[in-house]
Amino acid sequence: MNMDSDLQIAGDILEVPHLLQPERAHPVTVAEFAGLARSIADDRAQWAPYVEYDATTRWYHRLRTGPGYEVWLLSWVPGQGSGLHDHGVSSGVLTVLEGELTERTSGGAPALTDDARTLAPGAQRVFAPGYVHEVVNDSLEPAVSLHVYFPGLTEMPMHESLQAQCAPVAAPVTTGVVVA
């Protein structure tokens, strides 16, 4: 009976570089995209010089692209929001850099609930294709967020607002004519 160990047979894997996975130049897994967002968030020099605020519309700037992904920087003045939307075929990572944002998600189709969560600086949300949400700056201070989309964002379908979905339906108006 052969009692050789795997280490004796194959050798130390760290001593055999050709057996190691090559380091990737770009992220390919959800965890790697979340890590990319976190590393950019942690290095203000990579994003702070580009931030602008626009009182009339949400401001955004494509910060970086790579094979199959994009990184966007967004600013939000108080009261600005995205509207209820999804990201088509793209998955994503949203990371709050400064200020606070509120994320509202629908509870299903049709959405009869409004699940809201406050996202403070450093908060990170990961979402899959088809994830429907709305992001709003409900605070009194401006906010900045970082968004990584993979594959790159090609569409952002808008959905009926949560308020509209839950609004009461008006009763039909009658003219006073009685039909028997």
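What you see below is based on every heavy atom in this structure, not just the backbone, and it leaves out hydrogens, waters and symmetry mates. Remember, it's a predicted structure, so these values are computed and weren't measured experimentally. The first residue in the sequence is number 1, and the count goes up from there.
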Enclosure of Glu141 CD (heavy-atom neighbours >12, cutoff 6.0 Å): no

Distance-only side-chain donor-acceptor flag, His87 / Tyr131, under 3.5 Å: no

Heavy-atom donor-acceptor pair, Gln80 side chain to Val77 backbone, under 3.5 Å: yes

Any side-chain heavy-atom pair of Glu98 and Trp47 under 4.5 Å: yes

CA sep, side-chain torsions, deciding dist, call: His159, His85, ring pair (Phe, Tyr, Trp, His ring centres under 6.0 Å): CA-CA 5 Å; His159 295 259; His85 67 281; 8.2 Å; no

Donor-acceptor under 3.5 Å (Ser82 side chain, Val135 main chain): yes

Heavy-atom neighbours of Tyr50 OH exceed 12 at 6.0 Å: no

Point-to-point distance, once rounded to the nearest 0.5 Å, from CG of Leu146 to CH2 of Trp72: 12.0 Å

Main-chain N/O of Ala37 paired to Thr95 side chain as donor or acceptor, under 3.5 Å: no

Leu119 side chain reached by Arg125 side chain, heavy atoms, under 4.5 Å: yes

Arg38/Asp43 ion pair, N-O < 4.0 Å: no

Backbone N/O of Trp59 and side chain of Asp54: donor-acceptor pair under 3.5 Å: no

Donor-acceptor side-chain pairing of Glu100 and Thr118 below 3.5 angstrom: no

